[in-house]
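Okay, structure first, notes after.
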Amino acid sequence: GAVVSQHPSWVICKSGTSVKIECRSLDFQATTMFWYRQFPKQSLMLMATSNEGSKATYEQGVEKDKFLINHASLTLSTLTVTSAHPEDSSFYICSARELTGNTGELFFGEGSRLTVL
Amino acid sequence: AQRVTQPEKLLSVFKGAPVELKCNYSYSGSPELFWYVQYSRQRLQLLLRHISRESIKGFTADLNKGETSFHLKKPFAQEEDSAMYYCALNYGQNFVFGPGTRLSVLP
């Protein structure tokens with residue numbers, strides 16, 4: 001099946017620094033990728049929808065200047081947490097849907113854990 | 001607006017008992033519905049989709065347009081079914097997930 005990979009799987013950074021998380025579709029092309037945040041034992045929170053070649057659509061309450069999303073190619077989307085603070089510590093997950101797929105299925109990355117000190 | 005609700009945050013059943021995880025949606029068009037599952041320390045993965053009308057790991061889900069529901073059922077729960085279950089609605093390029101139900105199957 002289709003594989004989505006995230007990197008890094010875990011990152012620890014100092015407060016005030018910026019962190020970039022990559023989401024790659026390894027064996028398929030994805031026009032649309034989604035970014036989520038997940039707190040421990042809680043539900044997914046959709047942060048933004050990322051479309052290749054255009055600006056991401058952010059959900060209400062998500063700061064677009066804080067969470068920069070770039071979807072420069074059909075296989076890569078990046079989430080940059082700018083000037084990270086401890087409250088940004090979380091599990092970030094991406095998902096992608098296949099360009100030619102008509103089933104609508106989403107494929108999820110393994111997640112990236114961000115710890116801000 | 002499109003919405004997916006899962007009324008139970010946590011559902012505990014004993015092994016061998018039937019289980020039903022509820023999902024209701026609101027969408028004026030023709031819905032495409034899915035169940036995703038997240039086992040402990042694993043990524044989210046597709047469990048089943050309504051258009052396939054298949055049974056995966058003993059789970060089935062029937063789309064009821066009249067009740068706008070897509071409940072997930074299994075006649076005999078197993079301990080390995082313990083996980084987080086998300087109902088999802090796909091419309092156009094968008095996906096809407098429900099808040100999830102944590103299923104705990106007790107020995």
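Sequence lines set the chain letters: A, B, ... in the order given, protein chains first and strands last, and positions in each chain run from 1. As a basis for the values below, the full set of heavy atoms in this structure was taken, side chains included, without hydrogen atoms, waters or symmetry mates.
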**Asked** Would a hydrophobic clustering, with Ile, Leu, Val, Met, Phe, Trp and Tyr connected at side-chain separations under 4.5 Å, put B:L47 with A:V4?
**Response** no
**Request:** Tell me, for A:Q6 versus chain B, whether the close heavy atoms (under 4.5 Å) come from the side chain, the backbone, both or neither.
**Result:** neither
**Request:** To the nearest 0.5 Å, tell me how far A:F108 CZ sits from B:L46 CG.
**Result:** 9.5 Å
**Message:** Just verifying a value: how many Å separate A:Y36 OH and B:L44 CG, rounded to the nearest 0.5 Å?
**Reply:** 8.0 Å
**Prompt:** Are B:L63 and B:I56 connected in the hydrophobic side-chain network, where two residues link if heavy atoms are under 4.5 Å apart?
**Reply:** yes
**Request:** Look at the side-chain heavy atoms of Ile, Leu, Val, Met, Phe, Trp and Tyr, link any pair under 4.5 Å apart, and say whether A:L79 and A:M45 land in one connected group.
**Result:** yes
**Asked** Do B:Y36 and B:L33 belong together in a cluster built from hydrophobic side chains that touch within less than 4.5 Å?
**Response** no
**Asked** Going by residue number, which parts of residues 109-117 of chain A are within reach of chain B, meaning a heavy-atom gap below 4.5 Å?
**Response** A:G109, A:E110
Would you be so kind as to tabulate the donor-acceptor pairs closer than 3.5 Å made by side chains of residues 96-107 of chain B, with sequence neighbours excluded?
unit_1, atom_1, unit_2, atom_2, d
B:T101, OG1, B:Q6, NE2, 3.4
B:T101, OG1, B:E8, O, 2.6

**Atom NZ of B:K9 with >12 non-hydrogen neighbours under 6.0 angstrom** = no
**Prompt:** What's the shortest heavy-atom distance between A:I93 and B:Q38, and which atoms?
**Reply:** CD1-NE2, 4.5 Å
**Prompt:** More than 12 non-hydrogen atoms from neighbouring residues, nucleotides or ligands closer than 6.0 Å to CD on A:E87, yes or no?
**Reply:** yes
**Asked** Looking at side-chain heavy atoms only, is the closest gap between A:L106 and B:F34 below 4.5 Å?
**Response** no
**Item:** A:S95 side, atom OG; B:R43 side, atom CZ - distance, nearest 0.5 Å
**Value:** 11.5 Å
**Asked** Would you call A:R97 and B:F95 a side-chain contact if the rule is heavy atoms closer than 4.5 Å?
**Response** yes
**Request:** Check the hydrophobic clustering (I, L, V, M, F, W, Y; side-chain heavy atoms under 4.5 Å; chains of links allowed) and say if A:F34 and B:Y91 are grouped together.
**Result:** no
**Over 12 non-hydrogen atoms of neighbours within 6.0 angstrom of OH in B:Y39** = yes
**Closest non-hydrogen atom pair between A:L44 and B:Y86, with its separation** = N-OH, 3.6 Å
